[in-house]
2 protein chains.
Amino acid sequence: MLNSYSSVDKVLLAVDCIIFGFDNEGLKILLIKRGFEPEMGKWSLIGGFLKKEEKLDSAAIRILDTYTGLHNVYMEQLHTYSEIDRDPVERTISVAYYALINIENHNQELIKNYDAQWFSVTDVPKLIFDHDSMLRHAIRRLRYRTSTKPVGFELLPEKFTMLQLQKLYEAILSKELDKRNFISKINSMDILIKLEEKDMQSSRKGSFLYTFDKDKYDEKSLNDFVLNL
Amino acid sequence: MLNSYSSVDKVLLAVDCIIFGFDNEGLKILLIKRGFEPEMGKWSLIGGFLKKEEKLDSAAIRILDTYTGLHNVYMEQLHTYSEIDRDPVERTISVAYYALINIENHNQELIKNYDAQWFSVTDVPKLIFDHDSMLRHAIRRLRYRTSTKPVGFELLPEKFTMLQLQKLYEAILSKELDKRNFISKINSMDILIKLEEKDMQSSRKGSFLYTFDKDKYDEKSLNDFVLNL
DNA sequence: TCAAAAGTGTTCACCGTACACCCATGG
DNA sequence: CCATGGGTGTACGGTGAACACTTTTGA
């Protein structure tokens with residue numbers, strides 16, 4: 001029988017984070033240059049180990065905070081990876097999380113000190129271990145989540161233009177969208193506040209800024225949010 | 001820094017399985033009466049611990065085999081649960097899997113010996129630890145998976161009638177479906193083989209039997225499978 | 001006055017949904 | 001011949017997708 005707690009093998013539990021950001025150029029992820037063996041000098045997702053008195057969500061939050069200085073960030077558990085030799089040094093199980101952050105807000109000093117850098121998701125170097133497959137998995141999940149929850153706003157500044165929002169969804173879905181269709185779908189969701197303010201950087205005419213209306217979204221029944229782009 | 005493997009806490013890793021079956025009455029899950037403390041005598045999902053030289057998928061397969069005598073079963077990893085006190089005896093992290101089995105094929109002797117029983121998902125007793133939330137999560141995932149992959153056939157015998165298939169999807173989605181619409185959607189997917197054989201149990205006229213055409217399904221590009229019921 | 005981005009509606013094809021009657025058979 | 005479940009088609013409304021021109025204003 002398996003029914004005894006004694007004599008059961010314990011394992012190392014790691015948490016790896018796929019940290020997404022967006023900077024109007026495209027979707028980015030934060031990678032770190034590994035400073036220790038094995039695979040020293042190679043690029044890696046940002047990770048750490050689970051502590052004894054900590055749940056996985058907390059570990060993911062702690063790790064994100066350590067490397068970016070951010071908390072109160074959208075995170076979601078992805079999958080748990082357990083191939084025997086995924087880490088050649090020691091048997092390690094890794095629970096992957098992905099995070100969506102506003103790239104303007106992170107602590108640039110911190111990531112410099114940690115030898116971390118932003119990479120475009122369309123141009124990611126070879127990563128260590130099974131981190132490539134974690135990344136693929138995270139992008140797939142993010143695409144799906146897009147149709148289910150208004151996650152896009154997590155990646156944008158407080159105030160943003162429609163074009164920014166559209167470019168973001170284009171980057172996530174990696175396909176081009178029609179401006180008119182996009183705007184009318186977003187408007188029909190009725191979760192944006194159109195501000196009086198305009199962004200004058202992008203054009204002579206200027207474009208109106210919007211904010212995500214979280215209260216309005218929360219009022220809606222969660223199930224009826226569907227966004228097919 | 002977190003960058004050293006030494007002096008990191010190790011934890012117990014459990015695997016819990018939500019095992020679904022279907023018997024024309026409704027969707028069922030297999031539960032076991034716990035034979036040891038804590039919570040002895042209470043109902044629980046079927047689980048076990050991860051072994052040192054084993055990956056999670058293998059552990060889930062092993063556990064399913066142990067309790068049902070089945071292998072080659074559809075399984076999918078769900079989520080990893082890590083609340084500090086989820087198991088009052090010892091800190092345990094649990095990775096949940098769900099399985100879809102053909103209920104006719106399982107070893108009835110085995111489950112009797114293990115004090116396991118099938119319960120209708122609409123009438124499940126209070127489960128130990130966080131197993132209730134695992135079950136809720138599994139049902140939600142199964143519903144979603146339904147629109148993404150032809151998972152229904154995993155729960156049916158080799159040969160089945162259209163009505164059986166419909167009742168199954170009704171049980172999974174817990175809503176009634178229109179017979180004509182259901183059949184035309186299923187037929188438009190073009191992944192069933194209509195046999196010459198009829199099932200004569202259910203009516204005087206008899207109803208044709210079908211089989212899932214796995215080869216035909218595999219030929220199709222996986223992305224274009226969408227089933228909205 | 002012109003270049004450059006912002007903003008705005010309509011049409012069409014397809015799909016999901018609602019809905020009711022005839023068929024075949026064994027007793 | 002009749003009761004029982006099996007099997008089949010159509011009409012409508014809503015939504016996704018394609019598509020082009022006008023407005024504003026700083027230089």
Side-chain angles (χ1 to χ4, degrees), chain A residues 24-25 143-144 146-148 150 152 156 159-170 172-211 220 223-229, chain B residues 24-25 143-144 146-148 150 152 156 159-170 172-211 220 223-229:
Chain A
N24 293 333
E25 230 98 279
R143 277 180 194 157
Y144 165 62
T146 268
S147 64
T148 292
L156 290 174
K159 302 172 181 179
F160 49 86
T161 65
M162 274 290 178
L163 186 61
Q164 275 181 294
L165 187 61
Q166 182 181 340
K167 292 291 172 205
L168 168 61
Y169 276 105
E170 288 181 340
I172 291 175
L173 302 171
S174 69
K175 68 174 176 188
E176 296 200 343
L177 300 172
D178 179 85
K179 181 168 52 159
R180 286 159 294 182
N181 292 339
F182 179 77
I183 292 174
S184 58
K185 277 180 198 171
I186 294 292
N187 282 335
S188 73
M189 290 168 28
D190 190 34
I191 51 170
L192 290 190
I193 301 170
K194 184 176 190 167
L195 304 175
E196 315 233 318
E197 224 175 320
K198 279 189 163 189
D199 169 42
M200 299 308 293
Q201 308 308 113
S202 58
S203 75
R204 316 233 145 101
K205 189 179 178 181
S207 52
F208 280 105
L209 290 167
Y210 292 81
T211 333
K220 298 181 193 288
N223 299 335
D224 63 9
F225 183 95
V226 181
L227 179 57
N228 287 325
L229 293 175
Chain B
N24 293 334
E25 230 99 279
R143 277 181 194 158
Y144 165 62
T146 268
S147 64
T148 293
L156 290 174
K159 302 172 179 180
F160 50 86
T161 65
M162 273 290 178
L163 186 61
Q164 276 182 292
L165 187 61
Q166 183 181 339
K167 291 293 171 205
L168 169 60
Y169 276 105
E170 288 181 340
I172 292 175
L173 303 171
S174 68
K175 66 173 177 188
E176 296 199 343
L177 301 171
D178 179 85
K179 182 168 52 159
R180 286 159 293 184
N181 292 339
F182 179 78
I183 293 175
S184 58
K185 276 179 200 175
I186 295 292
N187 282 334
S188 73
M189 291 167 29
D190 189 33
I191 51 170
L192 289 190
I193 301 171
K194 185 176 190 167
L195 304 175
E196 316 231 320
E197 224 176 318
K198 279 190 163 188
D199 169 43
M200 300 308 293
Q201 309 308 113
S202 57
S203 75
R204 308 193 201 284
K205 187 180 178 181
S207 52
F208 280 106
L209 290 167
Y210 292 81
T211 332
K220 299 181 192 286
N223 298 336
D224 63 10
F225 183 95
V226 182
L227 177 58
N228 287 325
L229 294 174

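Computed from a predicted structure; not experimentally measured. Residue numbers start from 1 in every chain, and the chains themselves are labelled A, B, ... in the order their sequence lines are given, proteins ahead of strands.
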*Asks:* Classify Lys179(A) by what it touches in the nucleic acid, base, sugar-phosphate, or nothing, heavy-atom distance under 4.0 Å.
*Replies:* base
*Asks:* Test of understanding: with side-chain hydrogen bond (donor to acceptor under 3.5 Å, both in side chains), list the residues that count as partners of Lys159(A), not counting sequence neighbours.
*Replies:* Glu197(A)
*Asks:* Assign each of Ser203(A) and Ser203(B) to its nearest nucleotide of DNA chain C by heavy atoms, then name whichever residue's nucleotide is nearer the 5' end.
*Replies:* Ser203(A)
*Asks:* Hey, could you give me the CG/OG1 distance between Leu227(B) and Thr148(B), rounded to the nearest 0.5 Å?
*Replies:* 9.5 Å
*Asks:* Taking CZ from Phe182(B) and P from dG9(D), how many angstroms apart are they, rounded to a whole number?
*Replies:* 18 Å
*Asks:* Could you tell me how far apart Met162(B) (CE) and dG7(D) (C1') are, to the nearest whole angstrom?
*Replies:* 11 Å
*Asks:* Report yes if some heavy atom in the side chain of Tyr210(B) is under 4.5 Å from a heavy atom in the side chain of Ile186(B); otherwise report no.
*Replies:* no
*Asks:* How many whole angstroms separate atom CZ of Phe160(B) from atom C1' of dG6(D)?
*Replies:* 17 Å
*Asks:* Rounded to whole Å, please give me the gap between CG in Leu173(A) and P in dG16(D).
*Replies:* 14 Å
*Asks:* Start at the 5' end of DNA chain D and walk down; is the nucleotide closest to Arg180(B) or to Thr161(B) reached first?
*Replies:* Thr161(B)
*Asks:* Any side-chain heavy atom of Thr161(A) sitting closer than 4.5 Å to one from Ser202(A)?
*Replies:* no
*Asks:* For a ring-ring contact (aromatic ring centres under 6.0 Å, His included) check, start with the C-alpha distance between Tyr144(B) and Tyr144(A), then their side-chain angles and the critical distance, and finish with the verdict.
*Replies:* CA-CA 11 Å; Tyr144(B) 165 62; Tyr144(A) 165 62; 4.5 Å; yes
*Asks:* In this structure, how many angstroms lie between the C1' atom of dA17(D) and the CD atom of Glu176(A), rounded?
*Replies:* 15 Å
*Asks:* Each nucleotide N or O in nucleotides 22-24 of chain D that has a protein N or O under 3.5 Å away: list the pair and distance.
*Replies:*
residue : atom : partner   : partner atom : Å
dT23(D) : O2   : Lys205(A) : NZ           : 3.1

*Asks:* Touch check for Asp178(A), heavy atoms < 4.0 angstrom, all strands: base, sugar-phosphate only, or nothing?
*Replies:* base
*Asks:* Just wondering, do Ile191(A) and Lys220(A) contact through their side chains at under 4.5 Å, heavy atoms?
*Replies:* yes
*Asks:* Evaluate the side-chain proximity of Phe208(A) to Leu195(A): yes if any heavy-atom separation is below 4.5 Å, no if none is.
*Replies:* no
*Asks:* Which whole-number value in Å describes the distance from Asn228(B) CG to dG14(D) P?
*Replies:* 18 Å
*Asks:* Quick one, Glu170(A) and Lys175(A) - any side-chain contact, counting heavy atoms below 4.5 Å?
*Replies:* no
*Asks:* State, yes or no, whether a side-chain contact exists between Leu156(B) and Leu165(B) at a heavy-atom distance under 4.5 Å.
*Replies:* yes
*Asks:* Please give, in whole Å, the distance from dG7(D) C1' to Leu177(B) CG?
*Replies:* 17 Å
*Asks:* Send over the distance from Leu209(B) CG to dG7(D) C1', rounded to a whole Å.
*Replies:* 15 Å
*Asks:* Taking only the side-chain heavy atoms of Phe208(B) (C-beta and beyond), determine which of dG7(D), dG6(D), dC19(D) contains the nearest atom.
*Replies:* dG7(D)
*Asks:* Reading DNA chain C from 5' to 3', where do the contacts with chain A start and stop? Cut-off is 4.0 Å to heavy atoms.
*Replies:* dA3(C) to dG9(C)
